[in-house]
Number of protein chains: 2
Amino acid sequence: MNPNENERNYTPSKYRTPDGAPSDIAIFTITTTEKLTVKKALPTRELRVMLVQRKAWPFAGQWALPGGFCHESESMHECARRELQEETGVADVHMEYFNVYSNPGRDPRGWIISHAFLALVQEKRLASRRAADDAAAVQLLPVEEALRMDLAFDHKEILSDALNKIREKMVTTTIAKEFLPEEFTISELYQVIQTVVPDFEEKNFIRKITSTQSRKGIIEEVRDLNGEPKLSNRYSQRAAQLYRFTDHKPQLSIYS
Amino acid sequence: MNPNENERNYTPSKYRTPDGAPSDIAIFTITTTEKLTVKKALPTRELRVMLVQRKAWPFAGQWALPGGFCHESESMHECARRELQEETGVADVHMEYFNVYSNPGRDPRGWIISHAFLALVQEKRLASRRAADDAAAVQLLPVEEALRMDLAFDHKEILSDALNKIREKMVTTTIAKEFLPEEFTISELYQVIQTVVPDFEEKNFIRKITSTQSRKGIIEEVRDLNGEPKLSNRYSQRAAQLYRFTDHKPQLSIYS
DNA sequence: TCAATAGTGTCTTTTAGACAGTATTAT
DNA sequence: ATAATACTGTCTAAAAGACACTATTGA
């Protein structure tokens, strides 16, 4: 049997096909605000998400997650990378796919199947680009505030799902590192986790993360050229030990 | 501003659109074979996946994951449910979406974006349907064997990803219950986990799952009408305590 | 009585959890 | 000196891990 014969028989336009396959991206960042105390103090941190204001029909004027249509020549992931680059100017950041949104009628333009990604970006990497943009059409909003708004399409559902996803991953993986500098203190790590997962609370956090055998290995002390422990007094009078993440990925299990 | 005015201006067919958005489903089951020993013994279990043989171009004659094109009137999840029903005759089983496959050129028919699901089905629920089907065109293959085959499209990659996904979920969630009867023994549970995750090994498994406080609650002892412990001697001379899963979902964390 | 699975006793080591106490240092 | 953050000491309770041991029962 000659496959070309079959190929000639194949009629691709026999069926109704989708009108588009966009990607939408929940771009999260943590903003850091210094406290107005006399002495050094831990900063206030806030989880924010990037929204853009729609210019055209449908949902003109309403706020939406950034995103755009996929081209034939690219994969969904490449599409999302491109949109992220166009929107924020950043390229090499953590981005992951998490769900598809395809309910009939979700987009008045037709049959449009949206692929949702989430990205984690450091605040300082967004700063440069945001000034260049049309400031009024892009904003970085606290997530609770964004979730109270009337977002375009089903973007409230997408954002809510994205938030649940990063909350889960924040405590089960080492993605906290995406919001931290290369070297950080235990307090910073603890703060970042609490900013994303408000009800996260671990007594003796420093103990667990530094001395428990099963966790041992996800972070390590930073030492200077002389092998002396490297410290930071960014947030405290007393200098704190700096740590960095290792490549170790702990394996979680409900049966161990 | 009148939205209808904008709607009239909107031209949906200005851009190239996808040629189709199918779902593909990795349908897993565990087959159970009694051992040919004189005395009672634990059965041999094997993880298998359902494959169908393609009839038409492209990849005619080759084996592929079951699936099919999404209709405009349904969501991706509804599409996958429908395909699962058509292929196996089962409806109310565990099924979840796990990834999108959209590399350009992955399908010679054109720009086709595939949405991959995985389903877990009990062997006995597949039995009835498989006899009715054209037996030669559907098979239930051990996963390692399927992964050694030259599958159609990028289905080897999809199957491999699906396998990784259920291995991860097998130890981090309670999906083991999808492969077990309502009431089961600790040995059965242990066997099911090991069948999916070959290098799973827990010493003192019974201890951890029944007496550890943090895990306590994911399963519970079954008792009969008189409140007596309900036992089973299906696989052993000495009767074993039966358990059932509760609704409790343990929260995992690398920081606790 | 033996083979096969089910489950327990007991010991040691590790971890969790609480919480009071000490350490550091810019202001 | 004080306020703010960074740790450590020490105790108790809980859990993990090893492994030899007992229990049950159909063939």
(request) List in chain and number order the residues that pass side chain to side chain contact (heavy atoms under 4.5 Å, CB included) with B/Ala240, two or more places apart in sequence or in another chain; answer none if no residue qualifies. (result)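 Only B/Thr185 meet the side chain to side chain contact (heavy atoms under 4.5 Å, CB included) criterion with B/Ala240.
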Take the protein atom [atom1] of [X] and the nucleotide atom [atom2] of [N], then report the distance between them rounded to whole Å.
X: A/Arg238; N: C/dT24; atom1: CZ; atom2: C1'; result: 6 Å
X: B/Phe184; N: C/dA6; atom1: CZ; atom2: C1'; result: 16 Å
X: B/Gln237; N: C/dC2; atom1: CD; atom2: P; result: 15 Å
X: B/Tyr235; N: D/dA27; atom1: OH; atom2: P; result: 16 Å
X: A/Tyr190; N: D/dC7; atom1: OH; atom2: P; result: 15 Å
X: B/Lys40; N: C/dA6; atom1: NZ; atom2: C1'; result: 13 Å
X: B/Glu188; N: C/dT5; atom1: CD; atom2: P; result: 13 Å
X: B/Gln241; N: D/dT25; atom1: CD; atom2: P; result: 14 Å

(message) Using a 6.0 Å cut-off, check whether atom CG of B/Asp247 has over 12 heavy atoms from anything other than its own residue.
(response) no
Let's see if you can work this out: which of [options] has an atom nearest to the side-chain heavy atoms of [X]?
X: A/Lys208; options: C/dA16, C/dT5, C/dT24; answer: C/dA16
X: B/Leu42; options: C/dA6, D/dT5, D/dG26; answer: C/dA6
X: B/Thr185; options: C/dA23, C/dA3, C/dA6; answer: C/dA6
X: B/Ala240; options: D/dC7, D/dA6, C/dA6; answer: C/dA6

(message) Which residues in residues 192-206 of chain A have a heavy atom closer than 4.0 Å to any atom of DNA chain C?
(response)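 A/Lys203, A/Asn204, in order of number.
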(request) Let me know, please, whether A/Ala239 or A/Arg207 comes out on the 5' side of the other along DNA chain D by nearest nucleotide. (result) A/Ala239
(message) Taking any heavy-atom pair under 4.0 Å as a contact, classify A/Ile186: base, sugar-phosphate, or nothing.
(response) nothing
(message) Whether A/Ser256 contacts D/dA16 is assessed here as follows: a side-chain N or O lying under 4.0 Å from the phosphate OP1 or OP2. Is that the case?
(response)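 For D/dA16, neither OP1 nor OP2 has a side-chain N or O of A/Ser256 closer than 4.0 Å.
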(message) Determine whether the aromatic ring centres of residues A/Phe179 and A/Phe28 are separated by less than 6.0 angstrom.
(response)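 Centroid separation for A/Phe28 and A/Phe179: 6.0 Å or greater.
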(message) Rounded to the nearest 0.5 Å, what separates atom CD1 in B/Ile209 from atom CD in B/Glu202?
(response) 10.0 Å
Let me have the donor-acceptor pairs involving side chains of residues 161-171 of chain B, under 3.5 Å, with sequence neighbours excluded, atom names and distances please.
{"unit_1": "B/Asp161", "atom_1": "OD2", "unit_2": "B/Tyr101", "atom_2": "OH", "d": "2.5"}
{"unit_1": "B/Arg167", "atom_1": "NE", "unit_2": "B/Val196", "atom_2": "O", "d": "2.8"}
{"unit_1": "B/Lys169", "atom_1": "NZ", "unit_2": "B/Glu96", "atom_2": "OE1", "d": "3.1"}

(message) Please determine whether a side-chain nitrogen of the Lys or Arg among A/Glu221 and A/Arg244 lies less than 4.0 Å from a carboxylate oxygen of the Asp or Glu.
(response)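 Judged by the 4.0 Å cut-off on N to carboxylate O distance, A/Glu221 and A/Arg244 do not form a salt bridge.
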(message) For A/Arg48 and A/Thr31, which I'm curious about, is there any donor-acceptor pair between the side chains at under 3.5 Å?
(response) yes
